[in-house]
Structures are given as structure tokens and as C-alpha cells.
Novice: 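Structure incoming, see below.
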Amino acid sequence: MNKARTNPVSAAAMHGALILYTLIALFPVFVILINSFKTRKAIFREPLSLPSSDSFSMIGYETVMKQGDFFLYFQNSMIVTVASLFFILLFGSMAAFALSEYRFKGNLVMGLYLALGIMIPIRIGTVAILEMMVATGLVNTLWSLILVYTAQGLPLAVFILSEFMRQVSDDLKDAGRVDGLSEYTIFARIVVPLVRPAMATVAVFNMIPIWNDLWFPLILAPAEETKTLTLGSQVFIGQFVTDWNAVLSALSMAILPVLILYVIFSRQLIRGITSGAVK
Amino acid sequence: MSALTLKNVFKTFGTTEVLRDISIEVEKGEFVVFVGPSGCGKSTLLRVIAGLEDASAGEVYIDGNLVNSVPPSKRGIAMVFQSYALYPHLNVANNMSLALKQEGVSKAEIAERVQEASRMLQLDDYLKRYPSELSGGQRQRVAIGRAVVRQPKLFLLDEPLSNLDAALRVSTRLEIANLHKQLDATMIYVTHDQTEAMTLADKIVVLRDGRVEQVGSPMELYNKPANKFVAGFLGSPAMNFLPASLLEAGDTRTIGIRPEDLYLADDGPLAATVQHVEHLGGDTNVIAFVGEHQVTVRLFGQHDIRPRQELKLGFDAQKRHYFNE
Ligand SMILES: Nc1ncnc2c1ncn2[C@@H]1O[C@H](COP(=O)(O)OP(=O)(O)OP(=O)(O)O)[C@@H](O)[C@H]1O
Ligand SMILES: [Mg+2]
């Protein structure tokens with residue numbers, strides 16, 4: 001261990017800073033959670049106090065359950081997020097493998113072209129995207145969202161994954177070739193397991209913006225049966241009255257699935273299995 | 001029929017020529033070592049033989065069959081990589097059996113071959129371990145085991161010992177020599193270490209800048225080097241080179257004398273000043289200057305020689321080599 005790191009003062013300072021950051025980051029979540037269990041009056045009178053026996057109320061959750069098809073929205077969000085992540089990782093890693101592994105004419109240009117999207121926000125193209133979706137009849141389907149989110153996530157995925165795949169030892173891939181593995185098997189069995197931490201990073205980066213997005217669901221799939229959770233929750237926010245109990249309850253429930261997905265991915269981040277492969 | 005034949009093989013990367021007109025013949029059961037300085041194209045040549053790189057020109061025959069367009073896995077070769085290249089997510093047994101599974105060998109046969117190889121390489125206790133849980137020497141043996149189980153016609157080993165420490169290198173070198181005898185296999189071994197080349201090889205191929213400088217048995221190369229490069233590359237301490245004009249005015253050639261062929265002689269033709277003495281117990285290496293030319297004298301046994309001492313050196317006429325460079 002590094003001597004500077006074991007110094008108790010700097011260790012305490014470091015932990016202090018991290019704990020402070022954690023508290024700041026968790027505070028809004030905490031406020032949402034406690035208030036979702038309170039009566040409307042209690043929310044406004046003492047927003048920071050914990051629910052007591054007087055102020056405790058499940059009214060928000062009841063409203064959410066009654067109004068609208070909350071479980072359907074939930075399911076839609078889940079389908080869109082998981083499917084988009086799946087396609088981003090699938091196509092992103094395949095493109096990254098080709099770019100990093102094979103020398104072909106236009107390799108560099110292709111890489112730049114695929115990375116271009118990092119610099120250009122996809123929302124600039126909203127009108128064109130809407131026209132395309134109308135033309136292909138995909139408006140008000142979950143596919144419209146999945147396709148857009150996949151396109152939105154791919155540039156960064158290709159960029160990050162190809163950087164990581166370049167670091168996978170050439171000898172390892174060649175050993176696979178000598179052992180008779182096909183290029184697909186080398187990709188799936190050797191390279192992908194080794195860049196799993198990078199893939200988890202890409203997944204985490206993409207997951208939250210997709211889950212939270214309001215823009216594309218509102219424009220491309222506002223129909224009742226394709227509403228996502230974020231869009232569905234908007235019914236409780238009125239121009240004049242907002243049903244805060246319901247909004248807070250909906251948000252509390254919306255946190256849960258992302259949390260679960262995050263835990264799944266972050267375990268991949270920690271697991272380092274590359275050591276010992278090559279000296 | 002020879003195990004491997006290379007005919008006029010060239011390899012270029014873009015505009016840089018890495019291999020130039022290489023023609024080599026390797027007999028069945030031979031242990032051939034490719035040796036040469038770093039960057040001379042040894043690994044590239046091995047990769048061309050393995051099929052991991054295409055030859056830009058020329059023909060590669062394995063067991064008499066032209067294999068230029070045959071993929072690596074169908075060439076009947078097995079390769080041990082300089083970096084081991086073990087699959088990190090597979091345990092030792094699975095590392096060794098992957099290629100066999102891929103070939104469709106039956107389970108019973110796979111188990112038998114893995115067991116045989118692990119017995120030979122003393123890996124029995126580690127079959128369930130992952131590469132990250134092994135020491136460098138054990139990893140190296142797994143890499144060799146992975147080649148052995150395939151029962152290839154041709155073993156290709158790319159500097160298999162370069163990542164091991166000195167003691168382990170000597171013992172693993174012995175293991176490889178034994179393995180070659182036991183398996184009666186054809187092996188091609190790449191190294192830049194002349195000691196490894198001399199101790200292991202039936203036949204040495206000396207490479208420089210992508211060209212074959214000389215091919216022959218270790219003693220042929222040692223006793224009859226074709227040129228100054230080969231002469232200087234093989235043997236430790238390296239051969240001494242002096243201008244022949246020191247002995248005979250007007251001779252433009254270079255004379256080469258091995259350190260052990262020089263001896264102390266009061267009437268010797270070379271007058272030298274001692275600069276440094278290495279006492280190795282069994283041997284004594286004297287580093288001295290003849291004029292401005294440094295020479296090393298290897299004397300058997302222990303000698304009381306001091307720096308700045310004046311010496312007269314002699315040598316046998318038939319032990320000197322002339323080079324026209
Ligand atoms: N893919 C490549 N593209 C361009 N040049 C290459 C490539 N691979 C190797 N070379 C060049 O070919 C030459 C020979 O490389 P090679 O790896 O065969 O050397 P080597 O003899 O194995 O050296 P070492 O003993 O250091 O391993 C080097 O000058 C290297 O720069
Ligand atoms: Mg090399």
C-alpha cells in the first residue's frame with residue numbers, strides 16, 4: 001500500500017469528503033421517500049420531518065395505483081430501457097470489435113463517423129426523427145423509443161468499447177485462432193468477458209438518461225398504452241394543482257428498478273478477472 | 001518428407017520489409033531454434049508459419065502440404081506465446097481442452113490427453129485453478145500443456161522463457177528439452193538468447209533484419225561462422241575482432257578469435273594491457289586492450305592477474321577466423 005494513502009489524516013479527509021458527497025447526493029432521494037408517506041398538509045408544513053403516526057398516509061400510493069395504468073407505464077419504461085441497453089451493448093461491442101481488431105480501408109474514418117454522435121445531440125434531429133417514425137408507422141410504439149435510444153447510446157458505446165478492446169492482448173485472440181475458435185467465438189468468449197467492466201460502465205451511463213427521458217416519449221409515443229413512467233407521472237402535475245402525494249409516490253417507485261439494474265451492473269464493474277491472462 | 005518447408009517467403013507491412021526471401025527446411029523430429037537480435041522478424045516468421053499473418057510472397061509447406069491459405073487451426077500446429085495468452089476466465093483444465101472441444105474430440109479422449117499432459121508437466125494439482133492463481137512458471141507450463149494436448153505436427157514456441165527468472169529459465173529449458181525427446185515432436189523455438197539456442201537446438205537459424213544469415217548445427221555455427229555477425233552473436237563471452245593489419249601490414253580483413261582460444265604466451269604476437277579481471281572460480285575472464293581494441297581472454301582455472309598488467313597473448317593459427325567486412 002502507498003504510504004501517503006495510509007496516512008490517517010488524509011484517509012479521514014478523503015472519507016469525510018466522500019461521506020459528505022454521499023449525503024448531498026442522497027438527500028433529495030431521502031426527502032422524496034419520506035414525503036411520499038405523508039399527508040399533503042404534512043408535506044408542506046414540515047417537509048424535512050419523518051412521517052409520524054399523525055402525518056403518515058399512503059394516499060399518494062393509492063392515487064397512483066388507481067389513476068392511470070401505472071403498472072403498464074412501469075412495464076413500458078422497463079421494456080424500453082432494457083431493450084435499448086441490450087441493443088446498445090450488442091451493436092456497440094460488435095462495431096467496436098471490428099474497429100479495434102481488423103485493419104481495413106477506412107477504418108479510421110469509420111471510427112470517427114461512428115463517434116460523431118457524441119458531439120451532436122440527437123434531439124436536434126427530433127423533427128426528422130418524428131417524420132421518419134410517421135413514415136414507417138412506428139409512432140406510438142415502444143420500438144420508436146428503443147430505436148432512438150439505441151442510436152443515441154451507440155456513439156459513446158463504440159468509442160469507449162473500442163478503446164478497451166484495443167487493450168485486450170493480441171496474443172490471446174491469436175491463441176483462440178490457433179485453437180480453432182471462429183471470429184464470433186473469439187468476440188463472444190474471449191473479448192466480451194474481458195471488457196465486461198467497460199460494458200457495465202456503458203450500460204450505467206445510458207440507463208439513467210433513458211429511464212428519465214420525457215422528451216421522446218412525449219413526442220414519439222404519447223399514447224396511453226405506450227406511455228413511459230416519466231410521462232405517465234406527468235398527469236399528476238397540473239397547470240394549477242399538482243398532486244404532490246401522487247408525484248412523490250410515483251417517483252419513489254420509479255427509483256427502485258433503476259437501483260436494481262444499477263446493482264447488477266456495478267457488480268460487473270468491480271469484478272476484475274483480467275489478471276493472470278497475460279504477463 | 002520434411003515437417004516444414006519455407007520457399008522464398010517475404011513479408012511486408014505497408015512499405016517496411018520485415019522478412020526477405022526466407023527459405024528453410026525443417027526435418028521431422030528436429031528442434032530448430034530461430035535466433036537473432038530484437039526486431040529482426042523472428043516472431044513475424046513464426047506467425048507466418050502459424051498462419052496468423054499471410055506471407056506477402058513465397059510458399060509455406062507443412063508436412064508436404066501447401067498451407068498458404070489454410071487457417072491456423074487446420075495447419076496441425078500449436079503455438080506457445082511469449083505472453084502465455086491463457087484464457088483468464090477458464091481454469092487450467094479448460095484452457096487445455098478448449099481446442100480439443102472445438103475440434104470435436106470425444107470427452108473421454110479429452111480427459112485422457114489433459115491428464116497425460118498435466119502429469120508430464122506436473123500440473124495435476126492445479127487443474128481447477130484459474131490463470132490468475134498461478135505463478136509465472138506454472139502459467140508457462142499451462143501454456144505448453146495447451147500445446148501438448150493437441151498433439152500437433154509442429155510446435156511453435158515464441159520466446160517461452162523470456163518472462164521467467166534466471167533459475168526457472170534453466171529448469172524450464174531442461175523440461176522443454178525433455179518434452180521434445182518424450183514427444184518426438186518437431187519444434188520451432190524462437191529466442192534472442194544465444195545460450196538457449198546453443199543448448200536446445202538440433203539446428204539453429206540465425207536471422208538478421210529479416211534475412212537468414214546462416215543455418216546449421218550449433219557446433220557448425222560456432223566453429224565455422226559464415227560471417228562476422230554470426231560469429232559475434234553466438235558464444236559467450238563474444239568473439240574478439242581485430243584488424244588483420246595488426247599482424248600483417250596491408251591485410252584489410254578482420255580477424256576473429258574466440259576468448260577461449262587466446263592464451264598467455266611470452267612470445268605471443270599480441271601485446272595487451274589488462275583493464276579488468278572477472279574471477280569466476282572455474283574460469284577467469286581477462287578484459288584487456290590491444291592498442292585501442294578491446295579483447296576478452298577466457299582462461300581456465302584461477303589466475304593472479306591485475307589491472308594495468310602487461311600481457312603477451314598467443315593463439316593457434318587454425319583457430320582464427322577471417323572476415324571480409
Ligand atoms: N503489425 C505490424 N505492422 C508493422 N510493422 C510490424 C508489425 N509487426 C511487426 N512489425 C515490425 O517487424 C519487425 C520485426 O518484428 P518481430 O516482432 O517479428 O521482431 P522479433 O524478432 O520477434 O523481436 P523481439 O525479439 O523483440 O520479439 C519489427 O521492426 C517490427 O516493428
Ligand atoms: Mg518477438
Side-chain angles (χ1 to χ4, degrees), chain A residues 89 93 96-98 100-109 111 161 164-201 264-265 267-279, chain B residues 13-14 43 46-47 49-53 71-92 94-105 129-140 142-143 146-147 149-150 152 155-156 158 160 162-164:
Chain A
L89 292 180
S93 59
F97 182 71
S100 63
E101 183 59 17
Y102 304 121
R103 270 174 281 157
F104 55 90
K105 274 214 176 70
N107 181 316
L108 191 69
V109 177
L161 292 177
F164 273 83
M165 286 185 186
R166 256 185 267 279
Q167 287 165 20
V168 174
S169 139
D170 288 335
D171 280 354
L172 206 54
K173 291 174 267 189
D174 286 341
R177 289 189 183 111
V178 172
D179 278 351
L181 306 185
S182 69
E183 294 299 308
Y184 286 102
T185 323
I186 289 172
F187 166 72
R189 291 286 188 74
I190 297 176
V191 176
V192 166
L194 289 178
V195 299
R196 222 154 56 173
M199 294 185 74
T201 313
I264 294 172
F265 291 132
R267 290 184 68 165
Q268 301 295 325
L269 285 178
I270 297 160
R271 195 177 299 169
I273 55 160
T274 52
S275 57
V278 289
K279 175 88 192 281
Chain B
F13 288 111
S43 299
L46 210 59
R47 292 169 57 81
I49 296 171
L52 294 168
E53 301 276 1
S73 58
K74 301 259 158 44
R75 291 190 178 197
I77 52 132
M79 188 153 172
V80 176
F81 292 86
Q82 188 168 354
S83 61
Y84 313 146
L86 302 178
Y87 307 119
H89 53 297
L90 298 180
N91 66 24
V92 170
N94 288 333
N95 256 287
M96 293 207 269
S97 55
L98 182 66
L100 298 179
K101 280 182 196 149
Q102 214 65 29
E103 279 172 28
V105 177
R129 295 224 197 147
Y130 285 85
S132 57
E133 302 162 347
L134 298 176
S135 74
Q138 289 162 349
R139 282 178 205 169
Q140 185 57 70
V142 175
R146 194 169 61 177
V149 293
R150 301 190 57 197
F155 280 88
L156 305 174
D158 191 356
S162 63
N163 284 324
L164 304 180

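The figures that follow rest on heavy atoms only: side chains count, while hydrogens, waters and symmetry mates do not. Each chain gets a letter, A, B and so on, in the order its sequence line appears, and its residues count up from 1.
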Novice: Using a cut-off of 6.0 Å, state whether more than 12 heavy atoms not belonging to A:Tyr102 lie near its atom OH.
Specialist: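 Correct, the count exceeds 12.
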
Novice: So do A:Arg177 and B:Leu52 actually touch side chain to side chain, heavy atoms under 4.5 Å?
Specialist: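 Contact flag for B:Leu52/A:Arg177 side chains = yes.
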
Novice: Run the numbers on A:Leu181 and B:Gln102 for side chain to side chain contact (heavy atoms under 4.5 Å, CB included), then give the verdict.
Specialist: CA-CA 7 Å; A:Leu181 306 185; B:Gln102 214 65 29; 3.3 Å; yes

Novice: Looking at B:Glu103, B:Arg150, B:Met79, which one has more heavy-atom pairs under 4.5 Å with chain A than the rest?
Specialist: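 Sorted descending by pairs with chain A, the first entry is B:Arg150.
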
Novice: Take a 6.0 Å sphere around CZ of A:Phe187 and say whether it holds more than 12 heavy atoms from other residues, nucleotides or ligands.
Specialist: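 Yes - once you tally the heavy atoms of other residues, nucleotides and ligands closer than 6.0 Å, there are more than 12.
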
Novice: Flag yes if more than 12 heavy atoms outside B:Lys74 fall under 6.0 Å of its NZ atom; otherwise flag no.
Specialist: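 Open.
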
Novice: Which pair of non-hydrogen atoms, one from A:Gly180 and one from B:Ser73, has the smallest distance, and what is that distance?
Specialist: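 In terms of heavy atoms, the two residues are closest at CA-CB, 3.2 Å.
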
Novice: Select one option (side chain, backbone, both, neither) describing which atoms of B:Leu100 are under 4.5 Å from chain A's heavy atoms.
Specialist: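 No part of B:Leu100 comes within 4.5 Å of chain A.
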
Novice: Is chain A contacted by the side chain of B:Ala147, its backbone, both, or neither, given a heavy-atom distance below 4.5 Å?
Specialist: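 For B:Ala147, no heavy atom lies under 4.5 Å from chain A.
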
Novice: With respect to chain B, which residue among A:Val178, A:Ile190, A:Asp170 yields the maximal number of heavy-atom pairs within a distance under 4.5 Å?
Specialist: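 The candidate making the most pairs under 4.5 Å is A:Val178.
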
Novice: Determine whether B:Leu90 and A:Arg189 satisfy the following criterion, side chain to side chain contact (heavy atoms under 4.5 Å, CB included), listing intermediate values before the conclusion.
Specialist: CA-CA 10 Å; B:Leu90 298 180; A:Arg189 291 286 188 74; over 6 Å; no

Novice: Let me know if B:Arg75 has heavy atoms under 4.5 Å from chain A in its side chain, its backbone, both or neither.
Specialist: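 No part of B:Arg75 comes within 4.5 Å of chain A.
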
Novice: Walk me through it: do A:Asp171 and B:Tyr84 pass the test side chain to side chain donor-acceptor pair (under 3.5 Å)?
Specialist: CA-CA 8 Å; A:Asp171 280 354; B:Tyr84 313 146; over 6 Å; no

Novice: Check whether any side-chain heavy atom of B:Ser83 lies under 4.5 Å from a side-chain heavy atom of A:Leu172, and answer yes or no.
Specialist: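 The answer is no, as the side chains (C-beta and beyond) never meet within the 4.5 Å cut-off.
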
